[in-house]
Amino acid sequence: MATVRVRFAPSPTGYLHVGGARTALFNWLFARRTGGTFLLRIEDTDKERSTEAHTQVILDGLEWLGITYDEGPLFQGGFGARHKADAERLLAEGQAYRCFCTREELDAQRAAAEKTGGAFRYDGRCGRLSPKELQDRMERGLPFSIRLRMPDGEIAWDDAVHGRISFQGHDLDDFIILRSDGTPIYNLAVVSDDIEMRITHVIRGDDHISNTPKQIALYRAFRKPEPIFAHVPMILGNDGKKLSKRHGATAVGDYQKLGILPLAMRNFLALLGWSPGGDREILPEAEMIQLFSLEGIQKKPAVFDVTKLEWMNGQYLSALPADALLAPVQRLLSQKGTKTDRDLLPLIDAVKTRSRTLTDVAGQIEIRLNGRGSVMDAKGVALKQKLGPAFSHNLRQAHTALSTLGPEDWTPANLEVELKTLAEKEGKKLGDIMQPIRVALTGGTVSEPVNELLTVVGREESLARILAAAGT
RNA sequence: GCCGCUAUCGUCUAGGGGCCUAGGACACAGCCCUCUCAAGGCUGGAACACGGGUUCGAAUCCCGUUAGCGGUACCA
């Protein structure tokens, strides 16, 4: 078998959609699995909607996800001459013909067809022009597009994910391959490029299934072997409709902003519509590549479940060493205007298992660094009310007890002993001592163990916050 | 309308004729651990769309129905 060559071919007309990212991921995985080549081709032939900014966003998104390409980015817009020449070759060979129908005429035909309830299919009238009629139109200098003569008969292929898919040539019409301005239509550009770039496997979205018979017709017209097609299912929103802005975050960049780790995103995306078989959920890159196969791709569309993504992100957050999280956390903190010269590593370690996103991590660190002033969250307030006077009283006692520990002795082990001793001596439940301290330090009732929290916040700051909370 | 694709817990999925009284994960509920929360452990509820075949035997194979989705451009 020839060396695998695959491509991801987005059009830069919007942001990098998670569906596109997953298509890219599958291509990448397949290339890495087979030792093939993965190339990136930007399909910017739609000049109206394509922008450089969008191209950059796509490039950034792929880089963020760690999806690396071996060739490209290639810009389809640069291959116009070849596209045109290919169309003209087909024309010269009689496999395509000039169509002089105007847009208005076509629209009228379409409207008429819809009225009678039938499907509009170009009737091929310009393909039946006599040599004289053709010559006449040419002499009058009428603009024309070029249409492919669609052969009758079956057009079928063995899709790597769906199995055999079959269309009938007579259900398809003689579609335009070159516009009257000499620019190519998508299907021509794709086939021309895929042939030129020696693409062996076309892995793309399900929505291209209906383009495939047209493209196969083109391969046949060019007398080139067609590649293997693998059509991956769509990604849906939680209402079962195609994922769109309406559903909230759909762009890869949105998840980056939300504090999702690229590794978690990639892992999640890989498992959306693909399964290695068995029970695997967390897949390191090497295993993902090792296990990847086109056969493992699901036929049906998948609903994008943000909750599971966040769970997975939490798994990565817990498992990753603090220094792997340092850079993004620092970025987030500086975005919030939080400045510190403290070593963030212990802070990250303290909060990462309790976080689902990097934004959570940064938020919790900020509280440990700066406190929340006298602001308490709802649970903090509730606890204070429940305890009544004991809240302040216990805090004062804790303050007195903890003050006896000097900076040298301010360690998790000593702090735990000190607090347990206090609780025992006073005949109080440990929680009635610990929880007020937690509220004093964080404003809430959730954190790492209090003795650790005290060391993370630091001696002076902790004592100050305890005193402040006791006084109010 | 026409063409095509798809159909297992709410969601992601395992399953490719007997191993299935259908397994795992997320979410949910309960319990354990425990100074709280997370993590972790245990337990529970929760699905083979429907109808016909084929077969000794179907979640698995075939046909139909229904539903959902995609396409139906001188867009990509």
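Atoms considered below: every heavy atom in the structure, side chains included; atoms not considered: hydrogens, waters and symmetry mates.
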Exercise for the section: Mind running a 4.0 Å heavy-atom check of residues 423-436 of chain A against RNA chain B and sending the residues that fall below it, in number order? Expected result: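 Residues of residues 423-436 of chain A under 4.0 Å from RNA chain B: A/L430, A/G431, A/M434, A/Q435.
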Problem - Axial cation check for A/Y122 ring with A/R147, 6.0 Å and 45° limits - result: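 Because its charged atom sits under 6.0 Å from the ring centre and within 45° of the axis, A/R147 does stack over A/Y122.
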By side chain to side chain donor-acceptor pair (under 3.5 Å) - contacts of [X] (at least two apart):
X	value
A/T183	A/R179, A/D181
A/R7	A/D194
A/S192	A/R82, A/D86
A/Q109	none

Handout entry: Enclosure of A/Y219 OH (heavy-atom neighbours >12, cutoff 6.0 Å)
Key = yes
Fill in the blank from the handout: Against the side chain of A/I176, the closest entry in B/rU36, B/rC74, B/rA27 is B/rC74
Taking only N and O in the side chain of [X], is any of them less than 4.0 Å away from OP1 or OP2 of [N]?
X	N	answer
A/R164	B/rC5	no
A/R110	B/rA73	yes
A/K214	B/rU72	no
A/T45	B/rA76	yes
A/Q298	B/rA14	yes

Exercise for the section: Between A/Q315 and A/K299, just flag the one whose closest nucleotide in RNA chain B comes earlier from the 5' side. Expected result: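 So the residue in question is A/K299.
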Handout entry: 5'-most by nearest nucleotide on RNA chain B - A/E295 or A/E448
Key = A/E295
Exercise for the section: Check whether the side chain of A/R354 and the base of B/rC37 form a donor-acceptor pair under 3.5 Å. Expected result: yes
Exercise for the section: Please state whether the base of B/rC37 and the side chain of A/T445 form at least one donor-acceptor pair under 3.5 Å? Expected result: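 No, the side chain and the base share no sub-3.5 Å donor-acceptor pair.
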What does [X] touch in the nucleic acid at a heavy-atom separation under 4.0 angstrom: a base, only the sugar-phosphate, or nothing?
X	answer
A/S275	sugar-phosphate
A/C99	nothing
A/V303	sugar-phosphate

Practice task
Look only at the side chain of A/T55 and the backbone of A/T51, and say whether a donor-acceptor pair between them is shorter than 3.5 Å.
Solution key: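 Flag set: sc A/T55 to bb A/T51 pair under 3.5 Å.
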Exercise for the section: Would you check if there is a donor-acceptor pair between the side chains of A/N267 and A/Y316 at a distance under 3.5 Å? Expected result: yes
Exercise for the section: Describe, in one word, how the ring planes of A/F268 and A/F304 are oriented to each other, choosing from parallel (under 30°), tilted (30 to 60°) and perpendicular (over 60°). Expected result: perpendicular
Problem - Residue matched to B/rA59 through Watson-Crick or wobble contacts both under 3.5 angstrom - result: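 Pairing partner, where one exists within any strand: none, as none qualifies.
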Under 3.5 Å, which N/O atoms of the protein pair with N/O atoms of nucleotides 64-70 of chain B?
from	atom 1	to	atom 2	distance (Å)
B/rC69	OP1	A/K241	NZ	2.8

